[in-house]
Structure formats: structure tokens, C-alpha cells
Amino acid sequence: MLTIEHLNCGYGKHEILHDISVTIPDKKITAIVGQSGCGKTTFLKTLNRMVEEEQGYTTGKISLGNTDIKSISKETLRSRIGMVFQQPIAFPHSIEKNLTYVLKYYGIRDKKVLSEKVEESLKKAKLYKEVKDQLKKSALKLSGGQKQRLAIARSLCVNPEILLLDEPCSALDMKNTIAIEETLMELKGQYTFVIVTHNLGQAKRIADQIIFMDQGKILEVTDKETFFDSPATELAREQIQYM
Ligand SMILES: Nc1ncnc2c1ncn2[C@@H]1O[C@H](COP(=O)(O)OP(=O)(O)OP(=O)(O)O)[C@@H](O)[C@H]1O
Ligand SMILES: [Mg+2]
């Protein structure tokens, strides 16, 4: 479980997130929704300490289980909390190597284990069937949707507890979006997902918990049924009307 307590975050003198307190439950899908610029990506980046890399500051406390994430090394934290970005990232290597280099970084050398993990993660991300005969081919030849599923496989191969996804489907067509939604739905018993999405329909389809943000604050945290049936704020009501 991730527990966020009185989190403030900003860059220089510009505070972007104001007094965020929320719990991310285990093995569920939490969707973060809210207007452009309200701080969704920034919030996601606080959860794996990426904000620090961009010279941002945070105050308050984020705990993974009972441990403050500041006391976990970034390497360990990133293996426990993976992240998938809006623009699919494939490295200029073979499809297989896109996964094995991460596994090797975390100390896995045994060839059999490596190939088992590659197959298993590609299957989880619903990419295996399409690429099983071309694992040695360049990942750059994949389509955008396939690259995004490869990025998901790459995050899953080190068996994280939590996967953060920042608008993973916004550049994808319906078929790829459905594949990713199915992946998350099928895997939520095994992993905790936090997904930022502009697509309220997607949040309605897949989320268990909704975090509704505006101007760097959380306006509402609730189960999806409550959010869509009786939202707490006028702003949420307006946005739901335009779904
Ligand atoms: N590295 C940075 N340095 C300075 N300001 C930043 C940085 N990253 C984000 N911001 C500012 O933080 C605010 C929130 O940005 P953020 O990207 O978190 O919003 P968002 O909700 O993800 O928006 P969108 O829906 O458009 O992706 C914006 O005002 C943005 O300009
Ligand atoms: Mg964003």
C-alpha cells in the first residue's frame, strides 16, 4: 500500500501540489483524473522520486508499506514501483534485449531464466503472440501500440509491486487501448496500478478508485461508482456530462 501524507511538491518557488493526502490500495486500479495542468503527472513522479531528478522538491511523507520511500534507494524503488509514460519508449535494440537489459541490470544472468521472464512478461502485456517469431528483431520496427505494450512488459519483467502509467493510451488506437485495458484488468490481482487518464470512459471501465484533482489539490477520492453516479463537486459533474 502507498500512503501519501501532506505531500507538497514544486519546482523552485512554484508549488504545484498542495497538501495531498491519499492512500493507494493494493491490487486495485486507481485512476487519477483532472484537467490539463492540474498536477497529475507531477503527482505520479513524486511516487517513484522522479521529481527529484528534475530538481523538484517534495515535503510530507510517502510510505510504501511501512517504509518512507526516501529511505529506499532509487534503484530498488524503481524496481518496486515501475513507470510507463505517455509516449511509448522502445530502446534501439531487439525486442528481447529491451527486456533482458533490465533483468540483467537487476542481476539476472541465467539464460533460461531470462528467456522465461521475457516470454512471461510479453504474455502479460498481450504482445507475445504478435512478436514471438521476431524477438531478435529491432523494437524500433514495432507500432506505437506495440511499443507501449513492450514498455509495459519491460516494467513488469522485474515484478514490481506497483505500476504507474501516465496516459498510456492517449496516443493509441482503440485496439491497442483495449489490449492495455485488458492487461490491467487481468493483472490487478497481482499488481497495484495507478493510471493517469484524460479518458473518463477509460476510468469508468477499469478503475476501482478515482482520485479527482484540480489545481494541485485532490478534490475527491472515491470508488468509481460514487464518482460517476454522484460526484462531490460541480467541476467533476461538468466533466462527466461531457463524457
Ligand atoms: N519540470 C518542471 N518544472 C517546472 N514546472 C513544471 C515541471 N513539470 C511540470 N511543471 C508545472 O506543473 C504544473 C502541473 O503539470 P503536470 O504536468 O503535472 O500536469 P498534468 O495534470 O499532468 O497535465 P496534463 O493533463 O496536460 O498532462 C504545470 O503548471 C506545469 O507547468
Ligand atoms: Mg500529464
Side-chain angles (χ1 to χ4, degrees), residues 2 4-24 29-62 69-70 74 77-78 81-89 144-145 147-148 151-152 155 162-173 176-177 180-181 184 192-207 209-222 224 227-228 231-243:
L2 261 179
I4 296 105
E5 294 167 274
H6 301 296
L7 171 73
N8 293 292
C9 167
Y11 295 94
K13 289 197 175 118
H14 183 199
E15 188 176 279
I16 292 165
L17 301 179
H18 318 290
D19 198 24
I20 302 268
S21 292
V22 66
T23 300
I24 309 288
I29 301 175
T30 293
I32 303 177
V33 298
Q35 287 171 311
S36 184
C38 72
K40 302 179 297 297
T41 296
T42 305
F43 177 47
L44 220 53
K45 286 182 183 169
T46 63
L47 302 179
N48 68 352
R49 294 177 58 193
M50 254 183 80
V51 158
E52 290 168 41
E53 250 118 89
E54 296 171 9
Q55 276 69 52
Y57 69 85
T58 57
T59 61
K61 192 171 172 194
I62 301 176
I69 61 166
K70 285 194 170 151
K74 284 196 190 136
L77 187 66
R78 304 271 160 88
I81 306 182
M83 185 148 176
V84 170
F85 300 89
Q86 182 173 13
Q87 287 305 324
I89 300 171
K147 281 184 190 145
Q148 192 62 301
I152 291 175
S155 295
I162 299 172
L163 188 56
L164 311 172
L165 304 112
D166 192 2
E167 298 188 49
C169 304
S170 63
L172 309 185
D173 67 359
N176 281 290
T177 300
I180 288 177
E181 290 183 5
L184 304 193
T192 300
F193 294 106
V194 185
I195 180 171
V196 167
T197 180
H198 269 291
N199 181 341
L200 287 178
Q202 177 167 69
K204 194 172 185 177
R205 285 191 294 277
I206 68 172
Q209 170 171 273
I210 305 273
I211 297 177
F212 180 55
M213 290 181 66
D214 190 49
Q215 297 183 31
K217 293 190 179 143
I218 291 184
L219 296 191
E220 184 174 3
V221 182
T222 183
K224 130 177 112 179
F227 182 76
F228 286 102
T233 64
E234 187 55 38
L235 189 63
R237 209 165 300 133
E238 274 171 19
Q239 295 191 13
I240 290 166
Q241 263 178 7
Y242 284 103
M243 268 175 76

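All figures in this text were calculated on a predicted structure; none of them were measured in a lab. Both ligands and their constituent atoms are indexed starting at 1 by order of listing.
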Show all protein N/O/S atoms under 2.8 Å from the Mg ion (ligand 2), or state that there are none. Thr41 OG1
Check step by step if side-chain contact (heavy atoms from CB on, under 4.5 Å) holds for Glu181 and Arg205. CA-CA 8 Å; Glu181 290 183 5; Arg205 285 191 294 277; 2.8 Å; yes
With a 4.0 Å cut-off on heavy atoms, is Gln55 in contact with ligand 1? no
Is Gln86 near ligand 1, meaning one of its heavy atoms is under 4.0 Å from it? no
For a side-chain contact (heavy atoms from CB on, under 4.5 Å) check, start with the C-alpha distance between Val22 and Ile211, then their side-chain angles and the critical distance, and finish with the verdict. CA-CA 9 Å; Val22 66; Ile211 297 177; 3.9 Å; yes
Let me check something: any side-chain donor-acceptor pairs from residues 234-243 under 3.5 Å, sequence neighbours excluded? List them with distances.
from	atom 1	to	atom 2	distance (Å)
Glu234	OE1	Arg237	NH1	2.7
Arg237	NH2	Pro231	O	3.3

If only atom types and distance count, is the side chain of Lys224 paired as donor or acceptor with the main-chain N or O of Lys204 below 3.5 Å? yes
Atoms in ligand 1 flagged as close to Glu54, the criterion being non-hydrogen separation under 4.0 Å: 1 (N)
Hey, are Lys74 and Glu53 close enough for a salt bridge, meaning a charged N less than 4.0 Å from a carboxylate O? yes
Tell me whether His14 has any N or O atom under 3.5 angstrom from an N or O of ligand 1. no
Right, does atom 22 (O) of ligand 1 have protein non-hydrogen atoms nearer than 4.0 Å? yes
Does atom 30 (C) of ligand 1 have any protein heavy atom closer than 4.0 Å? no
Is there a donor in the side chain of Glu5 and an acceptor in the side chain of Ser21, or the other way round, less than 3.5 Å apart? no
With a 3.5 Å cut-off and no angle check, do the side chains of Tyr11 and Gln55 form a donor-acceptor pair? no
Which residue and heavy atom of the protein sit nearest atom 14 (C) of ligand 1, plus the separation: Gly37 O, 3.4 Å
Audit row: Leu7, Leu17, side-chain contact (heavy atoms from CB on, under 4.5 Å) steps and yes/no: CA-CA 7 Å; Leu7 171 73; Leu17 301 179; 4.2 Å; yes
Ligand 1-proximal atoms of Met213, by part, heavy-atom distance under 4.0 Å: neither
